[in-house]
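We count ligands from 1, going down the list as the structure has it; atoms in each ligand are counted the same way. FYI, the numbering just counts along the sequence from 1. Values below: all heavy atoms of this structure, side chains included; hydrogens, waters and symmetry mates excluded.
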Amino acid sequence: MNLQERAEQVRFRIAEACRRSGRDRDSVEIIAVTKYVSLDTARAVVDLGFDKIGENRWQDVKPKWEALGSRVEWHFIGHLQTNKVKDVVGKFRYIHSLDRLSLAKEINKRGEAMDTVVDCLIQVNISGEESKYGLSPEQFFPFIEQVRSFPFIRVAGLMTMAPYESEPEDTRPVFRGLRQLRDECNQRALLKEEIRHLSMGMSNDFEVAIEEGATWVRLGSILVGKE
Ligand SMILES: *Cc1c(COP(=O)(O)O)cnc(C)c1O
């Protein structure tokens, strides 16, 4: 299948998952993850109309950002080292991997220096898998209390990665757990603004994530491919 055919198929599967779960099709958007591909392929993805691009390392994305920067919205989805914050803030519209206080401090500092409020998603390791970054669910509410006090951080959403499962259905509790954290945070009105986004679901499990409320699915191999 070529890129266009994969895009059609993915969009069809998203529409079906929305239909099954009674969701509005417009409530789910694709973040096309281009980390496995060249600049040329990334450009082809953008030319096809994908306007949200996810990447996880500044060193690798730099040439793509320089070539395509203004045409799309950039999402930083990888683990973010504190000393890389200066490269990312201002270039990426959203940071999906806020997972510790030291990082929040650095982002807030950078936001203040640039006089811009930085949209972040808090990464939560719902499954508890050791190889994954993110706060534990127990750390989540105490962290919210701390993040509240940073004027240059806006919590736009929550992000999680489910373990790879040969049976995608088995990821459901992970996605449901993230949604419940968001809903509880909003019900208790812990932040000035409601948390809106759930960034969850990748190539192997995006349909389950959509059924559980994903607003952003991050799709690499199934959509963009690997080179
Ligand atoms: C690589 C990556 C993706 C995309 O993975 P696929 O399984 O290829 O869709 C999504 N989210 C994050 C955080 C990633 O690092």
Side chain Asn125, main chain Lys132, donor-acceptor under 3.5 Å: yes
Side-chain (Glu106) to main-chain (Val85) donor-acceptor, under 3.5 angstrom: no
Examine ligand 1 and decide if any of its atoms is less than 4.0 Å from a heavy atom belonging to [X].
| X | answer |
| --- | --- |
| Tyr36 | yes |
| Ile222 | no |
| Ile77 | yes |

For the student: nearest non-hydrogen atoms of Val45 and Ala32, plus distance: CG1-CB, 3.8 Å
Within 6.0 angstrom of Glu169 CD, more than 12 heavy atoms from elsewhere: yes
Gly220 N/O to ligand 1 N/O under 3.5 Å: yes
Any N/O pair Lys35/ligand 1 closer than 3.5 Å: yes
Gap separating the CZ atom of Arg154 from the CG atom of Asp119, nearest 0.5 angstrom: 4.5 Å
Winner among Met159, Arg218, Gln123, His79 once heavy atoms are compared against atom 11 (N) of ligand 1: Arg218
Face-on cation placement of Arg11 at Phe50 ring, 6.0 Å and 45° thresholds: yes
Taking atom 5 (O) of ligand 1 as the reference point, the nearest protein heavy atom with its distance: Met202 CE, 3.5 Å
Closest protein heavy atom (residue, atom, distance) for atom 6 (P) of ligand 1: Ser203 OG, 3.4 Å
Atoms in ligand 1 flagged as close to Leu219, the criterion being non-hydrogen separation under 4.0 Å: 9 (O)
Any side-chain donor near an acceptor of the partner, His197 and Thr215, under 3.5 Å: yes
